[in-house]
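Sequence lines set the chain letters: A, B, ... in the order given, protein chains first and strands last, and positions in each chain run from 1.
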Amino acid sequence: MRKFTEEVKPSRAVFVKWPLGHPFGEPFKVRQHNAVIRKAFEALKTIKKPGTIIDLPFRWRRDEDWEDKN
Amino acid sequence: MSRLKNKLLAKIFTRFPFLAELWVKKIAPWKVEGTPWSPFNKDLKDCKIALVTTAGVHLKTQKPFDMKDPDGDPSFREIPLDTPKEDLMITHDYYDHRDADKDMNVVFPIDRLKEMRDGGEIAEISEINFGLMGHISGRHIYTLINETSQCIAKSLKDAKVDAVLLTPG
């Protein structure tokens, strides 16, 4: 939940509006998992302001959103 | 009965996220002062990465997280890098982890990191990674902040980890 992330105030965060228990997506969808991980790693360098949360534009079960991010 | 109720709530919150948001707004948040910050300038391909998850992941041989305490369990479990995935399990009643039970990478993407390491995207993965359960409230918040997190941070620093991927359940 985004509210938790806002309250915890991590240095850097990426957020996906997906169901609880699915931070990297669906089981066995390797490319989907990688899309989120790579965005998180990108955030290591792109986030310059402490506490920034990047909302990823990936919709649940809309593979076209992340297929080109690998 | 309490565990059954928690599991039922977890399924409802997974199915109807707006109800979970309402629940979060109702509970008194712990006020965190300030945001820690370390500049990051290293190339990812030269980095040692660690995974820390609050999704309740642990080895089957380790003591499961305490699901009877309504304030949660602020302890942690060490997960060695070479742990076979069939030796891992999840103990966490506060989210629906049926999909993560099928494929642990949904919450603990250790296979994905190994592929990235083998492909040269990252240099190394920490020999020890960490599992916690992310439903901590009341008196356990103090333990989590002042004992558990300090202990994990020291281990990661001693292991010369460059960056940590924190994953929720």
Side-chain angles (χ1 to χ4, degrees), chain A, chain B residues 10-11 13-17 20-25 27 29-44 47 49 53-56 90 92 94-109 111-113 115-116 121-122 134 162-169:
Chain A
M1 283 171 273
R2 200 180 196 284
K3 178 79 175 164
F4 273 145
T5 309
E6 292 166 8
E7 295 291 346
V8 170
K9 298 190 171 88
S11 308
R12 307 165 175 87
V14 296
F15 179 76
V16 282
K17 201 173 179 180
W18 288 348
L20 277 180
H22 300 78
F24 295 94
E26 299 158 80
F28 310 111
K29 286 208 167 181
V30 173
R31 289 166 65 83
Q32 186 186 35
H33 305 167
N34 283 336
V36 178
I37 296 169
R38 289 192 175 116
K39 285 293 180 188
F41 284 154
E42 276 178 36
L44 277 170
K45 287 203 168 175
T46 56
I47 290 178
K48 303 293 184 191
K49 184 182 169 193
T52 299
I53 302 171
I54 295 175
D55 293 285
L56 299 183
F58 303 157
R59 292 166 292 178
W60 184 239
R61 289 185 174 156
R62 297 292 290 269
D63 295 359
E64 66 271 25
D65 287 357
W66 43 264
E67 274 292 352
D68 63 346
K69 303 294 187 298
N70 286 271
Chain B
K11 284 180 185 171
F13 285 164
T14 301
R15 179 74 181 82
F16 304 104
E21 295 282 352
L22 286 176
W23 176 74
V24 171
K25 280 178 187 167
I27 61 171
W30 179 270
K31 289 296 176 197
V32 176
E33 300 296 332
T35 298
W37 181 256
S38 295
F40 184 83
N41 300 309
K42 209 166 169 179
D43 279 339
L44 193 62
C47 285
I49 304 292
T53 184
T54 56
I90 293 172
H92 199 316
Y94 299 92
Y95 75 96
D96 184 350
H97 49 80
R98 285 176 294 179
D99 277 349
D101 291 337
K102 292 178 198 162
D103 178 7
M104 200 63 78
N105 292 289
V106 166
V107 294
F108 187 72
D111 291 336
R112 301 294 87 82
L113 287 190
E115 290 155 9
M116 288 180 173
E121 286 183 70
I122 60 175
D162 295 297
V164 180
L165 186 59
L166 299 166
T167 75

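Interface remark: B/Met104 contributes no atoms to any contact with chain A (heavy atom separation under 4.5 Å). Looking at B/Ile90, neither its backbone nor its side chain comes within 4.5 Å of chain A, counting heavy atoms on both sides. Of the atoms belonging to B/Ala163, it is side-chain heavy atoms, and not backbone ones, that fall under 4.5 Å from chain A. Looking at B/Phe40, the atoms closer than 4.5 Å to chain A (heavy atoms on both sides) sit in the backbone and in the side chain alike. Residue contact with chain A, scored on non-hydrogen atoms closer than 4.5 Å, involves the backbone and the side chain of B/Asp43 alike. Residue A/Lys17: no heavy atom, backbone or side chain, is found under 4.5 Å from chain B. Proximity to chain A (any heavy atom under 4.5 Å) is restricted, for B/Ile122, to the side chain, taken from C-beta onward.
When the salt bridge (Lys or Arg N to Asp or Glu O under 4.0 Å) test is applied to B/Asp101, no partner is found at least two apart in sequence or on another chain. Under the ring pair (Phe, Tyr, Trp, His ring centres under 6.0 Å) criterion, B/Phe108 pairs with no residue, sequence neighbours left out.
Taken to the nearest 0.5 Å, the CG atom of B/Leu44 stands 10.0 Å off from the CZ atom of A/Arg38. In this structure, the separation between CZ on A/Arg31 and CZ on B/Arg112 is 12.0 Å, given to the nearest 0.5 Å. To the nearest 0.5 Å, atoms CD (B/Glu121) and CG (A/Asn34) are separated by 7.0 Å.
Residues A/Ile47 and B/Trp37 come closest through the heavy atom pair O-CH2, 3.3 Å. Residues A/Phe24 and B/Asn105 approach most closely at CB-O, 3.7 Å, considering heavy atoms.
Using a 4.5 Å cut-off on side-chain heavy atoms (C-beta onward), A/His33 and B/Val106 make contact.
Residue with the most contacts toward chain A among B/Pro39, B/Pro168, B/Ala100: B/Pro168 (heavy-atom pairs, distance under 4.5 Å). With respect to chain B, the highest number of heavy-atom pairs below 4.5 Å among A/Ala13, A/Gly21, A/Ala40, A/Gly25 belongs to A/Gly21. Among B/His97, B/Lys102, B/His92, the residue with the largest count of heavy-atom pairs under 4.5 Å with chain A is B/Lys102.
A/Lys9 contributes no side-chain N or O that, together with a main-chain N or O of B/Pro36, makes up a donor-acceptor pair within less than 3.5 Å.
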